[in-house]
Amino acid sequence: MEILVYGAGALGSLVGGLLARAHDVTLVGRDPHMRRIREDGLRIDGAVDARVRLRALTDGTHRSADLALVTTKAYDTDAAARALATGEYDAVCSLQNGLTEERLVAALDATVLAGTASYGARLAEPGRVTCTGIGEVAVGSLAGGPDPLADRAGAAFDAAGIDATVASDMPRRRYEKLAVNAGINGPSALARLQNGATLDGPAGGIARSAARETARVARVDGVDLTDEAAVAALERVAADTAANRSSMCEDVAAGRRTEVDAIYGAVTDRAARHDAAVPTCRTLASLLRAWERGAGLRGE
Ligand code: KPL
């Protein structure tokens, strides 16, 4: 299968590299990472040990493939969508944090699938990605129910040795993932904690409250996610990735912009539409935005 992976951060590089074991993969990212991959191939270490060859490009416009995976930071979704709109794809699937799929739908003619990925990954240096935890991928129709293009994407992941579930309940899974991100990412970034420690002590109360608020927003949005299921998912992911740092914790530690708008903004905006109270997510959003302003990363 021909697969384009748009976004060569840690997760995109890892997923692209794993898929390249069975497919014709094009990875779109930035130099010097792309240059090093062109010269020496992509090295994967950690829980997986491989060196793979794939096409590494810095320009992702005017391409075509059976499947495009979007793996950019959520705030780069519109740029990714503009580039993908110049190409031809049977299906486009987001593996990003936040509820980004609607923005892809607005910009693209291709079928947009929803996806989640729970692999742990860290970019060690240009040309090398470390797999910090074997996870799984879920892919399915954005509206829920069956979709032959999701079946095809699931089979492509499986063929490359990536454990993939073709899910008919992606609306619930997307909100469950958002609840996990709302629970772990903000508290871990603000208190500089590893994922496991984020659920201990005072940070743990804040994390569970943020997950419950996200479940409340899911329900007013017509998605059946209980508080208990959201907290159970949060506790499972924190335990499975206990020694990892969340992407937001890495971003804050490196002085980079965070995905505060895609995660907490998604919760608070939807809550506002339905008059639902989400005080913890509002507070986390305010603190993270204040940090970004102080670091000169945001204007308003
Ligand atoms: O998706 C993640 C992230 O770091 O952004 C979690 C689920 C928190 C795993 O680290």
Side-chain angles (χ1 to χ4, degrees), residues 7-15 46-47 69-77 93-101 114-124 129-139 162-163 165 170 172-200 203-204 206-211 213-215 225 229-254 256-267 280-281 284-285 288 292:
L11 183 72
S13 297
L14 178 62
V15 170
L69 298 175
V70 184
T71 50
T72 61
K73 289 286 191 185
Y75 48 74
D76 283 332
T77 303
C93 178
S94 164
L95 294 180
Q96 301 161 283
N97 284 338
L99 306 179
T100 57
E101 288 88 350
T116 59
S118 62
Y119 274 80
R122 186 165 42 80
L123 268 190
V129 63
T130 302
C131 178
T132 56
I134 302 277
E136 55 162 34
V137 166
V139 59
I162 298 174
D163 188 9
T165 302
M170 283 314 291
R172 189 192 61 76
R173 286 174 185 260
R174 289 170 81 213
Y175 265 111
E176 186 180 282
K177 162 98 169 121
L178 188 64
V180 170
N181 284 135
I184 294 179
N185 290 29
S188 68
L190 291 165
R192 307 284 206 280
L193 295 169
Q194 291 179 328
N195 292 355
T198 304
L199 261 61
D200 298 335
I206 295 169
R208 288 179 179 82
S209 169
E213 288 178 5
T214 308
L225 178 65
V231 171
L234 170 69
E235 290 174 348
R236 194 175 57 245
V237 172
D240 288 352
T241 63
N244 291 1
R245 296 208 301 181
S246 75
S247 55
M248 196 174 272
C249 186
E250 295 279 10
D251 289 340
V252 168
R256 285 189 302 250
R257 183 177 173 187
T258 73
E259 293 185 304
V260 54
D261 298 325
I263 296 173
Y264 297 102
V267 177
T280 304
C281 287
L284 289 168
L288 289 159
E292 288 192 347

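Worth knowing before you read on, the calculation uses all heavy atoms, side chains too, and leaves out hydrogens, waters and symmetry mates. When a ligand or atom number is given, it counts from 1 through the structure's own listing order.
- Within 4.0 Å of ligand 1, protein heavy atoms come from N97, K177, V180, N181, I184, N185, N195, V237, S246, S247.
- For the salt bridge (charged side-chain N to carboxylate O under 4.0 Å, His left out) with E250, the lone residue among R245, R256, R257 that qualifies is R245.
- Looking at S94 and T100, their side chains do bring a donor and an acceptor atom within 3.5 Å of each other.
- Partners of A47 by side-chain contact (heavy atoms from CB on, under 4.5 Å), not counting sequence neighbours, listed by chain and number: C131, I134.
- Between the side chains of T198 and S188, not a single donor N or O lies within less than 3.5 Å of an accepting N or O.
- Side-chain atoms of N97 and K73 form no donor-acceptor pair, as typed in the model, at a separation below 3.5 Å.
- For T241 and N195, the side-chain atoms include at least one donor-acceptor pair closer than 3.5 Å.
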